[in-house]
Peer 1: 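For reference, the structure I am asking about is given below.
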Amino acid sequence: MRIVPKVAAMQKLARRWKRAGVKIGFVPTMGYLHAGHLSLVREARQRVGKKGVVVVSIYVNPTQFAPTEDLAQYPRDLKRDLKMCHAVGVDIVFTPSDTEMYPGRQNRKSEIGNRKSFSTYVVEENLGRGMEGAARPVHFCGVTTVVAKLFNLVLPDVSVFGQKDFQQAAIIKRMVSDLNFPVQIIVAPTHREPDGLAMSSRNKYLDVEQRAQAVILFHALQAAKNAVVKKSLSAAKLKEDLRRFITAAPLARLDYIEFFDPETLLPVAQVKRGAHMALAVYFGKTRLIDNAQL
Ligand code: AMP
């Protein structure tokens with residue numbers, strides 16, 4: 001396994017593989033890896049085979065965090081991440097720094113007019129409006145920008161994303177189609193703890209009581225699934241029922257619940273089997289998300 005911290009070196013390697021006809025599988029992450037990330041790595045390996053290469057990027061991307069969010073606290077443990085990558089047969093871990101990825105960006109205001117400072121962003125204008133996009137206005141622009149950059153550096157044939165971030169995966173698929181990136185996007189299932197809580201690097205923020213109650217997100221998804229098995233229900237009524245269900249966990253503070261069409265991500269007024277549900281819930285300052293097809 002090789003660790004590549006430099007943008008130029010990453011791109012050079014990728015171009016060499018491309019010329020040699022080696023298939024490249026890619027899993028972008030923000031590190032602090034867990035079994036969910038590793039399931040994406042395994043999926044990438046399956047797609048490119050033994051002769052292909054699997055690249056994992058570990059980069060806590062500052063442009064997808066608002067100034068009020070948890071960029072500075074975001075958990076990091078590169079040593080542990082590298083061990084985990086090695087154990088699952090990753091070939092390359094790409095670990096760029098902020099100055100490699102966004103030269104000059106830190107001082108954007110004072111850098112206006114400076115030809116060397118980073119100033120180009122990728123914006124998806126449709127699928128990113130609701131849910132996470134509404135709650136976190138700068139988030140998806142940061143995500144599409146960094147993923148576009150990473151695709152240009154890693155030149156993947158296949159890139160694997162998690163269903164855990166359903167809206168993100170939909171936006172990436174749209175970006176790839178709209179901007180003609182020559183990469184296949186695979187969306188892999190959400191990996192869960194034994195009690196059903198979706199694995200997330202942010203679960204580390206939870207104290208013991210919050211962790212015990214955090215399973216309410218999964219239970220809310222299950223309750224919604226059960227409610228629409230045989231009949232369709234008004235979205236407003238189901239939201240109200242689930243709001244009450246969730247606030248029965250005293251440490252939970254609901255941010256949103258949405259029922260939507262999985263293709264357009266537009267909200268539906270009537271919820272029936274096959275509709276998608278997503279929710280975001282705060283425990284203290286920690287914001288957890290989950291989603292499922294009903
Ligand atoms: P992150 O490091 O949180 O940016 O996530 C990197 C990738 O891992 C994204 O494609 C996520 O959707 C995916 N991911 C995060 N948590 C899970 C999980 N529990 N199961 C499957 N994939 C996940």
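Just so it is clear, the values below take in all heavy atoms, side chains as well, and ignore hydrogens, waters and symmetry mates. Each residue takes its place number in the sequence, starting with 1.
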Peer 1: Run the side-chain contact (heavy atoms from CB on, under 4.5 Å) test on Q73 and K285 for me, step by step, so that the C-alpha distance in whole Å, both residues' side-chain angles and the decisive distance to 0.1 Å come before the verdict.
Peer 2: CA-CA 11 Å; Q73 297 87 44; K285 282 186 187 158; over 6 Å; no
Peer 1: Check this for me, if you would: do D255 and R136 make a salt bridge, where the nitrogen-to-carboxylate-oxygen distance has to be below 4.0 angstrom?
Peer 2: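 R136 and D255: not salt-bridged.
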Peer 1: Hey, what do you get for OH (Y102) to OG (S117), rounding to the nearest 0.5 Å?
Peer 2: 13.5 Å
Peer 1: Identify the heavy atoms of T145 and C141 that sit nearest to each other, and give their distance.
Peer 2: OG1-O, 2.6 Å
Peer 1: At what distance, to the nearest 0.5 angstrom, does CD of Q167 lie from CE of M131?
Peer 2: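 Answer for the CD-CE pair, Q167 versus M131, is 4.0 Å.
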Peer 1: Is any side-chain N of the basic residue among D81 and R76 closer than 4.0 Å to the acidic one's carboxylate O?
Peer 2: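 No, no charged N to carboxylate O under 4.0 Å.
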Peer 1: Does the side chain of D207 come within less than 4.5 Å of F283's, by heavy atoms?
Peer 2: no
Peer 1: Measuring from S177:OG to I185:CD1, what's the distance to the nearest 0.5 Å?
Peer 2: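 The OG atom of S177 sits 10.5 Å away from the CD1 atom of I185.
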Peer 1: Going hydrophobic residue to hydrophobic residue with side-chain gaps under 4.5 angstrom, can you get from Y256 over to L217?
Peer 2: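 No, it is not one cluster - the side chains of Y256 and L217 are not joined through contacts under 4.5 Å.
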Peer 1: Nearest 0.5 Å, what's the NZ-CZ distance between K6 and F94?
Peer 2: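 Nearest 0.5 Å value for the NZ-CZ distance: 10.5 Å.
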Peer 1: In terms of side-chain heavy atoms, does Q210 have a donor or acceptor partner in Y282 at a distance below 3.5 Å?
Peer 2: no
Peer 1: Of the non-hydrogen atoms in Q293 and G274, which two are nearest, and what is the gap between them?
Peer 2: NE2-O, 3.0 Å
Peer 1: On a heavy-atom basis, which atom in I171 and which in L127 lie closest, and how many Å separate them?
Peer 2: CG1-CB, 3.8 Å
Peer 1: Would you call the rings of F181 and F151 parallel, tilted or perpendicular if under 30° counts as parallel and over 60° as perpendicular?
Peer 2: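 Aromatic pair F181/F151 classed perpendicular.
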Peer 1: Determine, using the 4.5 Å side-chain heavy-atom cutoff (strictly less than), whether Y59 and F65 are members of one ILVMFWY cluster.
Peer 2: no
Peer 1: Starting at CD of Q213, measure out to CD1 of I246 and round the result to the nearest 0.5 Å.
Peer 2: 12.5 Å
Peer 1: What about V215 and L242, same hydrophobic cluster or not, with Ile/Leu/Val/Met/Phe/Trp/Tyr joined at side-chain heavy-atom distances under 4.5 Å?
Peer 2: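 No, separate clusters.
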Peer 1: Checking K18 against D157 for the side-chain contact (heavy atoms from CB on, under 4.5 Å) test, could you report, in this order, the C-alpha distance in whole Å, the side-chain angles of both residues, the deciding distance, and whether it holds?
Peer 2: CA-CA 9 Å; K18 272 273 171 293; D157 296 284; 3.4 Å; yes
Peer 1: Would you say the side chain of L13 lies within less than 4.5 Å of the side chain of R2, judging by non-hydrogen atoms?
Peer 2: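 The answer is yes, as the side chains (C-beta and beyond) meet within the 4.5 Å cut-off.
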Peer 1: Working note: R211 + D195, criterion salt bridge (charged side-chain N to carboxylate O under 4.0 Å, His left out); need CA distance, chi angles, decisive distance, verdict.
Peer 2: CA-CA 11 Å; R211 168 62 189 87; D195 67 352; 3.0 Å; yes
Peer 1: Given the rule in the side-chain contact (heavy atoms from CB on, under 4.5 Å) test, do V176 and V147 qualify, once you have shown the distances and angles that lead to the verdict?
Peer 2: CA-CA 10 Å; V176 159; V147 172; over 6 Å; no
Peer 1: Would you indicate whether the side-chain heavy atoms of F26 and L153 approach each other to under 4.5 Å?
Peer 2: no
Peer 1: Would you list the atom pairs, donor with acceptor, under 3.5 Å between side chains in residues 218-233 and any protein atom, with sequence neighbours excluded?
Peer 2:
unit_1, atom_1, unit_2, atom_2, d
N226, ND2, Q222, O, 3.4
S232, OG, Q270, NE2, 3.0

Peer 1: Taking T264 for its side chain and L266 for its backbone only, find out whether a donor-acceptor pair lies under 3.5 Å.
Peer 2: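 Side chain of T264 to backbone of L266, a donor-acceptor pair under 3.5 Å: yes, one is there.
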Peer 1: Return yes when atom NZ of K83 has more than 12 non-hydrogen atoms of other residues, nucleotides or ligands closer than 6.0 Å, and no otherwise.
Peer 2: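 Not more than 12 within 6.0 Å, no.
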Peer 1: Counting N and O atoms only, with roles assigned by atom type, does the side chain of D290 sit under 3.5 Å from a partner on the main chain of A278, one being a donor and the other an acceptor?
Peer 2: no
Peer 1: Could you check if a side-chain atom of S57 sits within less than 4.5 angstrom of a side-chain atom of V154, using non-hydrogen atoms only?
Peer 2: no
Peer 1: With a 3.5 Å distance limit and no angle check, can you tell me whether T190 reaches the backbone of A198 through a side-chain donor-acceptor pair?
Peer 2: no
Peer 1: Are there more than 12 heavy atoms of other residues, nucleotides or ligands under 6.0 Å from atom CZ of R15?
Peer 2: no
Peer 1: Would a single hydrophobic cluster contain both L265 and L294, if residues Ile, Leu, Val, Met, Phe, Trp and Tyr are joined by side-chain heavy-atom contacts under 4.5 Å?
Peer 2: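 No, no single cluster joins them.
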Peer 1: Ignoring hydrogens and angles, tell me if any N or O in the side chain of H139 forms a donor-acceptor pair with the backbone of Q64 under 3.5 Å.
Peer 2: yes
Peer 1: With a 3.5 Å distance limit and no angle check, can you tell me whether R45 reaches the backbone of G89 through a side-chain donor-acceptor pair?
Peer 2: yes
Peer 1: Can you find a pair of side-chain heavy atoms, one from M277 and one from L238, that are under 4.5 Å apart?
Peer 2: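 No, side chains not in contact.
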Peer 1: Does either side chain, that of Q11 or that of N152, offer a donor lying less than 3.5 Å from an acceptor on the other one?
Peer 2: no
Peer 1: Between E193 and L197 (side chain of the first, backbone of the second, donor and acceptor by atom type, cut-off under 3.5 Å), is there such a pair?
Peer 2: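 No; zero donor-acceptor contacts below 3.5 Å.
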Peer 1: Tell me, do T286 and D70 make a side-chain contact under 4.5 Å, heavy atoms counted?
Peer 2: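 A side-chain contact is absent here, since even the closest heavy-atom pair is not under 4.5 Å.
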Peer 1: Apart from I58 itself, what residues make up its hydrophobic cluster, given side-chain heavy atom links below 4.5 Å?
Peer 2: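 The other cluster members (ILVMFWY side chains, heavy atoms under 4.5 Å, direct or chained) are M1, I3, V27, L33, L38, L40, V41, V48, V54, V56, L78, L82, M84, V88, V90, V93, V158, V160, I186.
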Peer 1: If you take all heavy atoms of D165 and N291, which pair is closest and at what distance?
Peer 2: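 What the structure gives for the nearest pair is N-ND2, 4.4 Å.
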Peer 1: Minimum heavy-atom separation for F140 to G133, with atom names?
Peer 2: CE1-N, 3.4 Å
Peer 1: Between E100 and K149, is a salt bridge (charged side-chain N to carboxylate O under 4.0 Å, His left out) present by the stated rule, with each step listed?
Peer 2: CA-CA 11 Å; E100 280 287 300; K149 284 170 67 65; over 6 Å; no
Peer 1: Under the 6.0 Å and 45° cation-pi test, does R202 pair with Y74?
Peer 2: no
Peer 1: Determine, using the 4.5 Å side-chain heavy-atom cutoff (strictly less than), whether V122 and V146 are members of one ILVMFWY cluster.
Peer 2: yes
Peer 1: Go through it in stages, so that I can follow the logic: the residues are L71 and V60, the test is side-chain contact (heavy atoms from CB on, under 4.5 Å), and I'd like the CA-CA distance, side-chain angles, deciding distance and then a yes or no.
Peer 2: CA-CA 8 Å; L71 174 63; V60 183; 3.7 Å; yes
Peer 1: Where do Y32 and S201 come nearest, in terms of heavy atoms and distance?
Peer 2: O-OG, 3.1 Å
Peer 1: Please report the interatomic distance CD1(I24) to CG(L155), rounded to the nearest 0.5 Å.
Peer 2: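 Between I24 CD1 and L155 CG, I get 5.5 Å after rounding to 0.5 Å.
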Peer 1: Considering only heavy atoms from C-beta outward, does the side chain of M101 approach that of L150 to under 4.5 Å?
Peer 2: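 Result yes, sub-4.5 Å side-chain heavy-atom pair found.
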